[in-house]
Amino acid sequence: MNDLLIIMKQELLLTLIIFVLLTLKIAKDMDNGAFLNLVNLLLAINFVVGFLGGMEGMLFNEMYHTNSLIILEKNILNLGTLIISLQSWSWLKDHKHVAEFYILLLCTLLGMFFMISAGNLLMFYLGLELSTIPLAAIANFDLAKRKSSEAAMKLIISSAFSSGLLLFGISLVYGSTGTLGFAGIAASYSADPMQLFAFVLLLAGFGFKISAVPFHLWTADVYEGAPVAVTSYLSVISKGAILFVLVPVLYTVFKPIAESWYNMLYLLSVVTIIVGNLFAIRQENFKRFLAFSSIAQVGFILVGITGSSSAGSSAVVYFVLIYIFSNLAAFGVVSFVSATTGREGISDYKGFYKTNPVLSWVLAIGLFSLAGVPPTAGFFGKFFLLLAGAGKGNYILLTIAALNMIISLYYYLRIVKAIFMDSNDHPIEKLSVPVFPKLALYLCMAGIVFTGFVRYVYDYIQSLSIGF
Amino acid sequence: MKNIIEYVWLVPLFPLAGFLINGLLRNSLSKSLTGIIGSGSILASFIVSILIFLDVKAGIDGPVIVTLFDFISFQDVSIPFAFQVDQLSSLFLLIITGIGFLIHVYSVAYMHEENSSHFARYFAYLNLFVFSMLLLVLGSNYVIMFIGWEGVGLCSYLLIGYWFKNIEYSNAARKAFVMNRIGDLGFLLAVFWLIGRIGTVNFSEVFSKVDTLSSLDLTAITMLLFIGATGKSAQIPLYTWLPDAMAGPTPVSALIHAATMVTAGIYMIARSNILYTMAPTTQTVVMVVGLGTALLAATIALKQNDIKKVLAYSTVSQLGYMFIALGVGAYTGAVFHVMTHAFFKALLFLGAGSVIHAMHHEQDIRNMGGLSKKLKTTHLTFLVGCLAIAGIIPFSGFFSKDEILAAAFMKSPIVWALAAIGALMTAFYMFRLYAMTFLGKFRGTSEQEHHLHESPPAMTIPLVILAVLSFAGGLVGIPEVLMPDSHSLAKFLEPVFAESNRISVPHHPDHTTELLLMFGLMAVIAVVIFWAVGKYKKYEKSGEENTGFARILENKWYVDEIYEALIIRPVNAFGKMLGKFDNFGIDWVVNGVGRSVQYASRQIRLLQSGQVGSYVLLMVIGMIVLFALQVFLKK
């Protein structure tokens, strides 16, 4: 019993928080400011406790398992959620349904935790659904905006479709192997057509969630319509969680057909990088731009995954960590500007440096890191990804990735140029940033510097990824 | 207790800290505080250097390597950030920090007219300069050495162009930088070659693996390193930056010429002595280039009228002597001359600075004269410097120059004869300079005469200290023939050059010949000195211009003009041509790529229709393609 408490402590704590919030909501009307303070405090505690006294182990007939790497991954997601929560302060402080927002949000996080820890396809599916359905609800949280409802609708329809694909795939896997446990599948999987087809269905489900091309089309509409907080949560946290599952599933469960999935992943990564970049180039809306550039980033991650080695696994975790900091730095500024002024166009940011030098630097450093410009952390992240991808010796893939990094430099730096060099008759006025969003931005900056320069971070992740 | 050598990182740390403090707080520090931090940091380094030197002198078993951290490691090449302390580096530490300190103190007074922000900038650069040089000398491998090597290049650029508002000065700075960069390329290629061939750049490993290198490799590596040395140490063909480098403040010239920068090339070759001993072809090239530079620069110095230019060319010429010594395998002689030259050249430059200070930034010696009456300390110390550089016994220059000449004689009497002619010219131009500056009657304006004054003690005390060193500094290397068994410098440095000396045993001329050459040459030098002093003490300004050969000398053999015509103009023309190609060829391709990416981007956006149904359709198509790919690949 004690073991169960310790092994599942992250899930249990999160559930506890959800119940506390639920009780508060029912019991009394709190004012928004106090409620947000409390939530952020709880999330901070949740993040810190994640580091204390974890334990590896299996539960419920191998339905659920955890290890040091998984614990770290959950901590990373906790941190990301905390940052997003801090950033959304300006947006939420006047919102009528803050408690519901957090309850739904934390439910999705809980779903991700179960999904990451799954040792069985059924468990995985349950976690995945728990992490998706509440998201569709909070995508609709800009209640007055029609686009927000449209986003929610599109998200629920497309994810229903992808769930259908996943379930079909899972049933085919069960039908052909007679088991749903990861260990059992790994032992008996082969490349006969039915099992390959089952795998394609599963991969399509994954591809949908991480918005790999051609399963990405829902992304743009949903990202644009949803509130910024939800968009950044979707593009950073929920993507990161799926990637955390995808790597061990590919590397261990589907190891018998490694050659097949290598080819598929190769194709997916090339198409994803290229199409993501081509989409991103012409975006004029900052949120849409970040959404599409995040598609291209996923393409790079897929390149790292094709390496299929412990280096691949650690490079992915390391990159997701950096990606959280960099993307949230950019999203943080955009979400704050959008919440206070309502302006979201890239051309609105012309001359931003003149009025808001500090925010400009945060945005610029975040963009530099996303573009992979040394010495920001993003450079090291991409470097390790490509290095892991190079392990297979597929230099065509690496060349395509490198060329696309140059294209991505163009569109990231175009924004930096607009911020610093272009003049504007009506620049965004001088903004003063409240404490919580400011804290979030500082966290991101510190993260970009720290993960990039401190070798210990990568070494630590690598030491945990030896298993593959 | 740990050995003081383990704390060697303190030596470069102090100047680095000084640089950071003065550089970052330059707008808030007062001038006196800046001066104290700047000089104090070097003094602290000097004290540590003395302790290290004493420890080394007490005896160490081979070089001590102090590793700070792993700098670069990839595959099987590992380059640690480590310092190497041995006899050679500890001696250089003393020279750099000791003379550097005196120059810092002198600068406090010399630069007092600058406002406090620029004053702090000056000291920040100066500290960084010393730091880079210390890094260069202390590095235990070629890469760390290269960091310092680049650092001094950068600092010389910053300091030569210190008065950057003057276009001519910033051009001089750029020239120094470009010339140095050309040399640096050679250095870098040599480092790459080493990594490619033996996979290491650590001195100890390189020198122990030297037998595994083919003679072609050795020659190439040493030649490339030597190209680097010609840049830093101002040898033909890259010497032209050094005379222009006097555009910087005079103490900077002293620092460049005496304690840092130009000795870098000598140090590097002395450090790599085994490589050079094993590559006799390169040694010959080094010797010939050194000899050529020594003579060329000496002839130019004969006809220069700017007090700092004469000194600058004399430095080039003296560096030529050091390269002769390296070329004939007399490594101790080269290091010895570096040391004595550091003393007397720092003295001469600081003395010149004192004169310029007194004359209100007048540098033309035709407008000076008779300064001995007003500038007593400067005059006497400057005389000591002149006697030392001319090589009069028992001044320091005598011993070091004699050692080089003796080694040259054993190589070939012709080399000796040419080098001796250079020495005569040295005596001539130095005493021409001395006589025109300090003797005769004053030729400047009456206003200048009115303001003539001796410099403050912060400037004269360093002069006196350096004069004492210039006088007595040679006594550490008294030749065998004058006093047996008293060349303590050679004994001290013996372990560093032991391997080279084993491979090619140094010869000494027999005692009669050596004495004959030594005192014969000195007698002629003495005659030349009297001639020069007698001729120029009555110098009068006259309107007539130099003609014939003298005019060629005055224009420095037109070397700058030849470079301009042969290299700079063709390169510029080539650049213009490439520029055109860039505009029409490359830009077209680049823009074309950009346009096609933009076009593709426009087209692909059509996919994003907003219809969920079409999204789902595309997903299904994607899946079919993936599945078909598998089946197709299977067949």
Report, one line per pair, each donor and acceptor closer than 3.5 Å where one atom sits in a side chain of residues 197-206 of chain A; sequence neighbours left out.
none

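- Taking both residues in full, the closest heavy atoms of Phe161(A) and Met619(B) are given as CD2-CE, 3.9 Å, listed atom of the first, atom of the second, then distance.
- Within a 6.0 Å sphere centred on OH of Tyr157(B), other residues, nucleotides and ligands contribute 12 heavy atoms or fewer.
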Test side chain to side chain contact (heavy atoms under 4.5 Å, CB included) applied to Ile157(A) and Tyr615(B), step by step: CA-CA 11 Å; Ile157(A) 293 175; Tyr615(B) 296 175; over 6 Å; no
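- Across Leu278(A), Ile274(A), Leu217(A), Ile407(A), the residue that shares the most heavy-atom pairs under 4.5 angstrom with chain B is Leu217(A).
- The number of heavy atoms from other shown groups lying within 6.0 Å of CZ (Phe168(A)) does not exceed 12.
- No more than 12 heavy atoms of other residues, nucleotides or ligands lie within 6.0 Å of CE in Met153(A), so this atom counts as exposed by the packing criterion.
- Between Leu626(B) atom CG and Trp261(A) atom CH2 the span is 14.0 Å, to the nearest 0.5 Å.
- Looking at Ile257(A), neither its backbone nor its side chain comes within 4.5 Å of chain B, counting heavy atoms on both sides.
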Stepwise side chain to side chain contact (heavy atoms under 4.5 Å, CB included) test for Trp218(A) and Val612(B): CA-CA 7 Å; Trp218(A) 60 281; Val612(B) 182; over 6 Å; no
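- The local environment of CZ in Phe69(B) is crowded, with over 12 non-hydrogen atoms from other residues, nucleotides or ligands closer than 6.0 Å.
- Residue Pro214(A) comes nearest to Gly622(B) through the heavy atom pair CG-CA, 3.7 Å, listed as atom of the first residue, atom of the second, then distance.
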